[in-house]
Amino acid sequence: MGELQKIPGVGRQTEQDLIAIGYSTIASLRGANPEELYEQECIRQGVKVDRCVLYVYRCAVYYANTPPDERKPERLKWWNWKDKVME
């Protein structure tokens with residue numbers, strides 16, 4: 001298991017996708033814009049990728065930017081990062 005798979009919701013394929021667009025470590029995701037990551041992935045694949053990928057990227061960036069003791073459990077579930085504002 002690679003380092004990125006430590007992030008909830010990131011499996012082997014998502015890790016490979018992130019590496020392909022230039023993000024190979026958790027630290028490399030700090031300060032990243034999830035929407036830009038998603039657009040890069042769409043360009044790389046040449047199609048409009050399922051928006052669930054965007055939700056996983058939002059969760060991954062939250063994970064990378066938030067100290068472990070401050071991470072909220074509900075924000076570590078990618079499906080909670082849909083196109084709505086989280087409280």
Side-chain angles (χ1 to χ4, degrees):
M1 174 168 75
E3 177 183 347
L4 293 173
Q5 289 184 55
K6 293 176 184 174
I7 300 170
V10 174
R12 187 177 52 82
Q13 185 60 55
T14 301
E15 179 176 54
Q16 290 175 353
D17 293 339
L18 283 166
I19 290 169
I21 60 172
Y23 298 87
S24 59
T25 64
I26 293 170
S28 68
L29 288 169
R30 288 189 193 121
N33 180 319
E35 282 73 17
E36 289 177 10
L37 298 180
Y38 175 73
E39 287 303 318
Q40 290 174 20
E41 185 59 27
C42 291
I43 291 167
R44 185 180 78 82
Q45 291 195 31
V47 296
K48 199 68 168 168
V49 177
D50 189 302
R51 285 192 68 79
C52 290
V53 173
L54 171 59
Y55 311 149
V56 172
Y57 288 173
R58 287 174 178 166
C59 182
V61 170
Y62 168 79
Y63 184 93
N65 285 317
T66 308
D69 60 335
E70 294 178 22
R71 293 179 187 139
K72 297 182 178 178
E74 70 275 5
R75 292 191 178 197
L76 296 176
K77 297 174 182 154
W78 66 264
W79 54 88
N80 287 334
W81 288 93
K82 293 182 180 176
D83 296 322
K84 61 179 175 152
V85 176
M86 287 205 329
E87 303 284 324

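Nothing fancy with the numbering, it's 1 onward along the sequence.
Atom OH in Tyr55 sits 4.0 Å away from atom CG in Asp83 (nearest 0.5 Å). Interatomic distance, CD of Glu36 versus CG of Leu54, reported as 11.5 Å (0.5 Å rounding). Between the CD atom in Glu74 and the CH2 atom in Trp79 there is a gap of 12.0 Å [rounded to 0.5 Å]. Atom CG of Leu4 is separated from atom CD of Gln16 by 11.0 Å, given to the nearest 0.5 angstrom. Note that CD1 of Ile21 and CZ of Arg44 are 7.5 Å apart. Values are rounded to the nearest 0.5 Å.
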Derivation of the side chain to side chain contact (heavy atoms under 4.5 Å, CB included) call for Thr66 and Lys72 | CA-CA 9 Å; Thr66 308; Lys72 297 182 178 178; over 6 Å; no
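With Tyr62 as the aromatic partner, Arg71 does not meet the cation-pi criteria of under 6.0 angstrom to the ring centre and within 45 degrees of the ring axis.
Side-chain contact between Trp78 and Pro8 is absent, with no heavy-atom pair separated by less than 4.5 Å. Here the side chains of Tyr57 and Thr14 are in contact, with some heavy-atom distance below 4.5 Å. You'll find the side chain of Ile7 reaches within 4.5 Å of the side chain of Ile26, heavy atoms only. Contact annotation: the side chain of Val61 approaches that of Leu37 to within less than 4.5 Å [non-hydrogen atoms, C-beta and beyond].
Linking Ile, Leu, Val, Met, Phe, Trp and Tyr residues whenever their side-chain heavy atoms come within less than 4.5 Å leaves Tyr23 and Ile43 in two separate clusters.
In plain terms, the two heavy atoms of Leu29 and Ala60 that are nearest each other are CD1-CB, 4.1 Å.
Remark: the backbone N or O of Arg75 is paired with a side-chain donor or acceptor of Trp81 at under 3.5 angstrom. Between the Glu3 side chain and the Thr25 main chain, no donor and acceptor come within less than 3.5 Å of each other. Using modelled atom types, one side-chain atom of Tyr38 and one backbone atom of Val49 make a donor-acceptor pair closer than 3.5 Å.
A salt bridge does not link Glu41 to Lys48: none of the charged nitrogens lies less than 4.0 Å from a carboxylate oxygen.
Atom CZ of Arg51 sits in a crowded spot, with more than 12 heavy atoms from other residues, nucleotides or ligands closer than 6.0 Å.
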